[in-house]
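Below, chains carry the letters A, B, ... as their sequence lines are ordered, and counting in each starts from 1.
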2 protein chains.
Amino acid sequence: MTSSTDPGSGAARVLALLWREPGARTSTRGPRQGLSVDAVVAAAIELADSAGLEALTMRRVAQALGVAPMSLYTYVPGKAELLDLMLDAVYGRMPYTETAGLPWRERLAAVARDNRALCDRHPWVALVSAARPPLGPGLMAKYERELLAFDGLGLDDVEMDDALAYLLGFVQASARASSAARALRRESAITDEEWWAANEPLLARIFDATRYPTAARVGSAAGEVRGTAFDPDHAYRFGLERVLDGLGVLIEARDR
Amino acid sequence: MTSSTDPGSGAARVLALLWREPGARTSTRGPRQGLSVDAVVAAAIELADSAGLEALTMRRVAQALGVAPMSLYTYVPGKAELLDLMLDAVYGRMPYTETAGLPWRERLAAVARDNRALCDRHPWVALVSAARPPLGPGLMAKYERELLAFDGLGLDDVEMDDALAYLLGFVQASARASSAARALRRESAITDEEWWAANEPLLARIFDATRYPTAARVGSAAGEVRGTAFDPDHAYRFGLERVLDGLGVLIEARDR
DNA sequence: CATCTCGCCGTACGCCGTACGGCAGGCGGT
DNA sequence: ACCGCCTGCCGTACGGCGTACGGCGAGATG
């Protein structure tokens with residue numbers, strides 16, 4: 001079976017799958033496939049959306065499709081490749097705002113907003129690794145579209161790529177933090193207030209405010225304003241302004 | 001046994017453990033403990049450093065200590081709490097550069113450099129969740145010291161906390177990307193060049209450069225300059241300048 | 001109708017975190 | 001000196017995971 005164009009062990013087959021290249025299927029013998037790659041990917045996305053990435057298991061995807069777990073491996077080399085396919089699929093269907101003609105800061109803000117909205121709809125997107133992204137049609141279209149927001153600003157090609165990666169990295173890190181905070185609130189048996197109430201006496205006895213005066217002052221000020229230890233939404237809004245300001249410095253330098 | 005100050009199920013006991021509060025041990029009956037929390041934490045850190053976070057399992061920590069897996073639960077409520085203890089321990093021993101008197105940009109750059117060095121020595125640090133950090137002595141000292149880098153710049157208390165979290169978030173995200181890239185290179189059976197060589201023909205046939213002209217131009221330019229698809233070190237250097245520039249805009253606005 | 005092919009999937013392996021309960025060793029009290 | 005309690009230690013087990021392997025049976029071809 002292994003021909004000279006042996007697709008190899010998953011890692012090599014994923015590109016063909018991403019572009020939905022017809023497999024090396026030549027003969028028509030045997031039963032037809034009852035499912036499709038798209039059906040598997042769609043079921044996996046729905047499961048991850050509704051139950052979270054940690055609930056995305058091959059067994060549960062199979063259950064949602066009414067097949068046995070091992071049947072999935074007919075369509076997909078493994079779980080890692082399934083995640084690649086899921087990612088490219090949501091990239092391809094991602095809604096985006098048209099920004100041609102707007103000032104650069106609004107264009108970049110729109111890119112950030114679109115990506116944040118994607119992570120809002122599909123929280124697992126922020127949690128899958130960003131190393132070696134899936135080179136499928138969805139990512140290509142997204143990359144092309146988002147690069148255009150950085151066009152005509154005086155940046156060279158490499159800087160455009162750097163700047164986009166920087167912006168997307170910030171959005172991903174923010175979304176990850178939001179997701180972690182949400183997961184903590186969901187799965188922790190104890191609420192923030194309960195935790196604080198239970199631990200405040202011990203902390204008050206043990207924490208020496210005179211040793212850490214700045215920490216005590218700043219920490220309590222931040223805690224009071226936000227009402228909680230960590231507010232991911234606030235961190236996002238604060239951070240995005242800094243990101244845009246920082247890119248603005250580069251853009252103005254190149255403009256001159 | 002459960003007194004009115006019942007330490008409860010792990011999540012509540014972790015604070016006492018972080019500060020190494022003597023447990024509710026009153027009677028001296030029974031055998032002495034053969035290990036200590038510190039020994040368990042040290043073994044776990046060494047294991048995570050040398051074998052990676054995914055290799056950090058209770059069984060392997062126990063093996064390194066020469067005890068049975070379940071014995072660890074005498075010292076530590078569970079794996080999550082062990083991670084908290086590990087994190088606070090490396091925070092407490094973290095080397096840092098003295099920056100009093102330096103200009104603000106160098107102070108902030110030093111904070112970033114120290115944290116990146118920490119993630120370099122202990123790659124797992126970047127991978128554990130940032131939500132609800134361990135409120136132990138190590139984190140307190142780190143928080144105090146790093147806040148001082150933002151002191152006297154005209155920022156109010158909340159802004160100081162925001163700015164520090166922003167800077168640390170960037171460093172963490174960068175370190176995570178580096179770690180992911182390293183893990184990919186290590187565990188993938190195929191190198192970057194091999195992958196490209198194997199997939200280039202398919203990609204050339206399938207990828208329509210006229211549909212995505214900007215992506216094709218920018219992607220190939222970035223790939224040629226860096227020699228690889230993704231260069232985490234370059235992304236860090238580029239990003240850090242933007243982060244500092246962005247914070248500079250805020251600092252100058254407050255300075256006026 | 002025989003035969004070939006291939007989708008499907010039952011079973012199993014080696015991992016994980018950790019709940020439960022028994023055993024044995026060391027200490028305090030008598 | 002001895003007994004009995006307390007407690008650290010840990011053997012066993014459960015329910016989960018990804019997926020390798022190989023057999024079975026259905027469907028299309030000839």
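- Heavy atoms of other residues, nucleotides or ligands lying less than 6.0 angstrom from CD of Gln63(B) number 12 at most.
- A cation-pi arrangement is absent between Arg132(B) and Phe230(A) under the rule of less than 6.0 angstrom and at most 45 degrees off the ring axis.
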Pairs: protein N or O with nucleotides 8-14 of chain C N or O, under 3.5 Å:
{"from": "dC8(C)", "atom 1": "OP1", "to": "Gly34(A)", "atom 2": "N", "distance (Å)": "2.9"}
{"from": "dC8(C)", "atom 1": "OP1", "to": "Tyr75(A)", "atom 2": "OH", "distance (Å)": "3.2"}
{"from": "dC8(C)", "atom 1": "OP2", "to": "Tyr75(A)", "atom 2": "OH", "distance (Å)": "2.9"}
{"from": "dC9(C)", "atom 1": "OP2", "to": "Ala68(A)", "atom 2": "N", "distance (Å)": "3.4"}
{"from": "dC9(C)", "atom 1": "OP2", "to": "Ser71(A)", "atom 2": "OG", "distance (Å)": "2.6"}

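- Taking atom CZ on Arg29(A) and atom P on dT5(C), their separation rounds to 6 Å, with Å as the unit.
- Among the heavy atoms of the strands, none lies under 4.0 Å from Leu82(B).
- With a 6.0 Å radius and a threshold of 12 heavy atoms from other residues, nucleotides or ligands, Glu46(B) has its CD atom at or below the threshold.
- Ring to ring, Tyr212(A) and Phe207(A) are close: their centroids are under 6.0 angstrom apart.
- Between Phe170(B) and Tyr236(B), the ring-plane angle classifies as parallel under the 30° and 60° cut-offs.
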Residues Asp161(B), Arg226(A); criterion side chain to side chain contact (heavy atoms under 4.5 Å, CB included); working and verdict = CA-CA 11 Å; Asp161(B) 186 63; Arg226(A) 300 210 259 288; 2.4 Å; yes
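- Each of dG7(C), dC4(C), dT19(D) was ranked by its minimum atom distance to the side chain of Lys79(A); first place goes to dT19(D).
- In this entry the distance linking CG of Leu72(B) with P of dC10(D) reads 10 Å, nearest Å.
- Nucleotide dG16(D) holds its C1' atom 16 Å from the CE atom of Met58(A), rounded to whole Å.
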